[in-house]
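Take a look at the structure set out below.
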Amino acid sequence: MLLVNDDINFLQMYCSLNRCPLDLDDIVDQPHYHLKMVCIFGFCGNTGQVELAKYILRNALILDQMIIDRKGRYPLDGCFGREEADEKLVPEDMDGVLTIL
């Protein structure tokens, strides 16, 4: 679910333990010129969520802040969002905009 405020974009993730195939070759970089702040709630670190966050970090050209929060509307045991974010997203954060809660 994407909730849009004038200045902030909120993504509320639902983490499913069911794995679906993801063809990462289909992801095409496209620059975004208006995205300044993104908050992702319910981040559990599955492949699709990690790739979406990496895409935003790479393509949002004026991004000031991205917040990743494991806590979300749909609690689910067995997800390790913090570890996945530290391992896979921190190296992508070239501008120092990432905050992991």
Quick one: does Y55's side chain get under 4.5 Å of E92's, heavy atoms only?
-> no

How is the hydrophobic cluster of M94 composed, in terms of its other members, when Ile, Leu, Val, Met, Phe, Trp and Tyr link through side-chain heavy atoms under 4.5 Å apart, directly or indirectly?
-> none

Transitive ILVMFWY side-chain link I62 to I40, under 4.5 Å = no

L101 and F41: side chain to side chain contact (heavy atoms under 4.5 Å, CB included), yes or no, with the steps?
-> CA-CA 10 Å; L101 303 177; F41 299 101; 6.0 Å; no

Under the side chain to side chain donor-acceptor pair (under 3.5 Å) test, residues paired with D64 that sit two or more places apart | none

Sequence neighbours left out, what passes side chain to side chain donor-acceptor pair (under 3.5 Å) with N59? Give chain and number order.
-> D29

The side-chain contact (heavy atoms from CB on, under 4.5 Å) partners of Q65 (sequence neighbours excluded) come to M37, I67, T99

Can you sort out the partners of P31 under side-chain contact (heavy atoms from CB on, under 4.5 Å), two or more places apart, ordered by chain and number?
-> Y33, L61

Can you check whether I68 reaches L98 side chain to side chain, under 4.5 Å on heavy atoms?
-> yes

Separation between CZ of R58 and CD of Q30, rounded to the nearest 0.5 Å = 12.5 Å

What is the minimum heavy-atom distance between I100 and D86, and which atoms define it?
-> CD1-OD1, 3.4 Å

Can you tell if the side chain of I56 reaches within under 4.5 Å of the side chain of M66, non-hydrogen atoms only?
-> yes

Residues at least two apart in sequence or cross-chain that pass side-chain contact (heavy atoms from CB on, under 4.5 Å) with D95, listed by chain then number, are V97

Would you find a donor on one side and an acceptor on the other, under 3.5 Å apart, between the side chain of Q49 and the backbone of G45?
-> yes

Any L57 side-chain heavy atom under 4.5 Å of L63 side chain | yes

